[in-house]
Amino acid sequence: MSVAKGGVVGSIEWTNWSGTETSRLARVATPRSEAEVVDELSRARVNGLRVKAIGAGHSFTGVGVTDGVQLRLGALTGVTSIDSTRGEATVRAGTPLHVLNDELAAFGYALPNLGDIDRQSLAGAIATGTHGTGLRLTGLSAGIRALRLVLADGSVVECSPSHEPELFQAARLGLGALGIVTEITVAVVPAFLLHAVERPESLLDVLEHADVSAEANDHFEFYWFPHTDRTLTKRNNRVPEGTARRPLPAWRERLDDDLLSNRFFELTNRVATRLPRSTRGINAIASRALSERQFTDSSHKVFVTAREVRFMESEWAFPRAALRDVLLELRAWVDSHDEQISFPVECRVAAADDVWLSTAYERHSCYIAIHKYHRQGRGAYFDAFEAIATEHGGRPHWGKLHTRDADYLRSVYPRFDDFVAVRDRVDPDRLFGNPYLERALGA
């Protein structure tokens, strides 16, 4: 989560989860109601301060950075209502995903898809385009049915496809640029179980059958270990109603998810940071240490992976057919350069959607995400990946590292100017602006 130090006005230092962004805040506020959000915006306007809402600080970019007032929405949490007829839940914006998952489960519901981290707030997750994997499933933002926002002028607006439709279309993935989201109505489904099959496979075999695997499974993804030809694949599928839960034995969960994937992985990354030449050997061992496993459990327990090792990340979305070419080009760069990469590369798929700034807007997409341990320098790895990505019409994840500006982003998002027009209308004075948005959206 984010960290803040100090308490004197103008002296509060804040750092995001990964340590990629740091800022000095004029003020921190924790509103307990929508009315208090309105009051905080009024106070900020009077004092000439900009405002940004923050959740878990899990974005790697500066999308949530401010030098003004940081609104922490952790007090605005919880499910307020569930409409079983419409299949939707109304949720306060600061609700962490892991809390939302548990609350929905208590009522017999679930989100239809999730990413593999659940520390983010719901508002933060939709603001940057958080998604999971599954060729017939969209990201979280596409499941939004209605939003409630406090705009820069202090007005409170409810928006949906039938009321303030342009604001709704923009705010479903709004980058925190349009207002402070206080309440979200999101699509939910009856709670379900997933059967998970995870096993190591060779990279070329996975790529050869990637289309078949994506089409044959509800959820498919794989992790490639750089400097090796090995991957770990994950196939998750719904099971018939009445199927019994068969979770991992407690000892296996502790071994795989706590010891190997977190404690041992932290240790090996520290070793690789001190002794870069050890990286290839470490990856070779790690790629073979995780053996095949199968289990059946509640959907959110299968989707989500405990991530205790801190890292920095860049993720790009491509037309689905580009997966093989992009990944092999990345592998060729890794093999021909002296940079040692200790983190696996994650590859996923998603259905097309109609969210204006979604990375999957009007195209079935594949995603490739690269990572580095947070104590390591970025080196040339991220720049090299970005160069490959832009050659393939890639769209960068809004919350993950990239250097693209408005000119490039306009070229890959057909509704980019429509979004900017809404922003100009609801925040002409850039109360919610910051350097990241100035670069990504234009001043």
Side-chain angles (χ1 to χ4, degrees), residues 18 20 59-63 115-116 128-133 135 139 141 173 175 203 206-207 210-211 214 221-227 231 311-337 339 341-353 355-372 376-416 419 436-437 439-441:
S18 62
T20 56
S59 290
F60 303 90
T61 64
V63 65
D116 61 359
T128 54
T130 294
H131 62 92
T133 190
L135 200 57
S141 294
L173 200 167
L175 306 178
L203 175 62
V206 170
L207 289 177
D211 283 342
E221 65 183 309
F222 66 92
Y223 295 79
W224 167 57
F225 294 81
H227 314 295
T231 73
F311 55 88
M312 61 189 90
E313 179 178 1
S314 175
E315 181 178 58
W316 289 69
F318 307 93
R320 181 183 159 200
L323 174 62
R324 179 186 180 91
D325 289 343
V326 173
L327 192 56
L328 290 181
E329 287 179 36
L330 179 63
R331 184 181 72 161
W333 186 90
V334 170
D335 290 346
S336 61
H337 290 75
E339 197 157 335
I341 312 301
S342 59
F343 257 79
V345 174
E346 184 178 18
C347 301
R348 296 180 283 176
V349 293
D353 63 41
V355 179
W356 285 358
L357 291 188
S358 168
T359 47
Y361 179 78
E362 292 192 343
R363 74 181 188 193
H364 293 290
S365 299
C366 65
Y367 292 84
I368 298 177
I370 68 169
H371 314 71
K372 265 196 165 185
Q376 297 173 349
R378 296 188 193 183
Y381 186 42
F382 288 92
D383 289 340
F385 180 47
E386 184 163 321
I388 294 169
T390 56
E391 288 296 315
H392 289 271
R395 296 170 177 167
H397 189 299
W398 296 100
K400 300 179 183 180
L401 297 173
H402 70 93
T403 67
R404 296 296 93 185
D405 62 13
D407 288 340
Y408 176 83
L409 296 168
R410 180 176 286 108
S411 74
V412 294
Y413 286 98
R415 305 302 296 269
F416 183 89
F419 181 94
Y436 176 85
L437 294 179
R439 170 169 62 85
L441 300 179

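Everything numeric in this text was worked out from a predicted model, so none of it was measured. We use all heavy atoms of the structure for the numbers below, so side chains are in, but hydrogens, waters and symmetry mates are not.
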Test your reading of the model: is there a side-chain donor-acceptor pair from [X] to the backbone of [Y], 3.5 Å cut-off?
| X | Y | value |
| --- | --- | --- |
| R439 | R404 | yes |
| R320 | L135 | no |
| T133 | V349 | yes |
| W224 | R331 | no |
| S18 | F60 | no |
| T359 | W316 | no |

### Query
Taking C-beta and beyond as the side chain, do E329 and E391 meet within less than 4.5 Å on heavy atoms?
no

### Message
Would you say that V345 contacts F385 through its side chain, given a criterion of any heavy-atom pair below 4.5 Å between the two side chains?
### Response
no

### Task
Say whether T390 and Y408, considering side chains only, have a donor N or O and an acceptor N or O under 3.5 Å apart.
no

### Query
In terms of side-chain heavy atoms, does T403 have a donor or acceptor partner in E386 at a distance below 3.5 Å?
yes

When rounded to the nearest 0.5 angstrom, what is the spacing between [atom1] in [X] and [atom2] in [Y]?
| X | Y | atom1 | atom2 | value |
| --- | --- | --- | --- | --- |
| Y223 | L203 | OH | CG | 15.5 Å |
| D383 | I388 | CG | CD1 | 11.5 Å |
| E346 | I370 | CD | CD1 | 12.5 Å |
| D116 | E221 | CG | CD | 6.0 Å |
| T128 | L175 | OG1 | CG | 8.0 Å |
| S411 | R395 | OG | CZ | 9.5 Å |

### Query
Would F419 and L173 count as a side-chain contact (heavy atoms from CB on, under 4.5 Å) if you check the C-alpha gap in whole Å, the side-chain angles of each, and the deciding distance to 0.1 Å?
CA-CA 10 Å; F419 181 94; L173 200 167; over 6 Å; no

Exercise: identify the closest heavy-atom pair between [X] and [Y]:
| X | Y | result |
| --- | --- | --- |
| A440 | L409 | O-CD1, 3.4 Å |
| I368 | V326 | CD1-CG1, 3.5 Å |
| S358 | D353 | OG-OD2, 2.7 Å |
| A389 | F318 | CA-CE2, 3.5 Å |
| V412 | G393 | CG1-O, 4.2 Å |
| S314 | L401 | OG-O, 2.8 Å |

### Task
May I have the step-by-step check of ring-ring contact (aromatic ring centres under 6.0 Å, His included) for W398 and Y413, ending in yes or no?
CA-CA 12 Å; W398 296 100; Y413 286 98; 5.3 Å; yes

### Task
Quick one: sort the Y436 and H402 rings into parallel, tilted or perpendicular, breaks at 30° and 60°.
perpendicular

### Message
For the NE2 atom on H364, are there more than 12 heavy atoms of other groups (residues, nucleotides or ligands in this structure) within a distance under 6.0 Å?
### Response
no

### Query
Of the options M312, E313, R378, which is the one that meets K372 in a side-chain contact (heavy atoms from CB on, under 4.5 Å)?
M312

### Task
May I have the step-by-step check of side-chain contact (heavy atoms from CB on, under 4.5 Å) for R348 and H131, ending in yes or no?
CA-CA 10 Å; R348 296 180 283 176; H131 62 92; 3.4 Å; yes

### Task
Decide yes or no on side-chain contact (heavy atoms from CB on, under 4.5 Å) for F225 and I341, but give the supporting numbers first.
CA-CA 9 Å; F225 294 81; I341 312 301; over 6 Å; no

### L207 and L328: CA distance, side-chain angles, deciding distance, side-chain contact (heavy atoms from CB on, under 4.5 Å) verdict
CA-CA 9 Å; L207 289 177; L328 290 181; 3.8 Å; yes

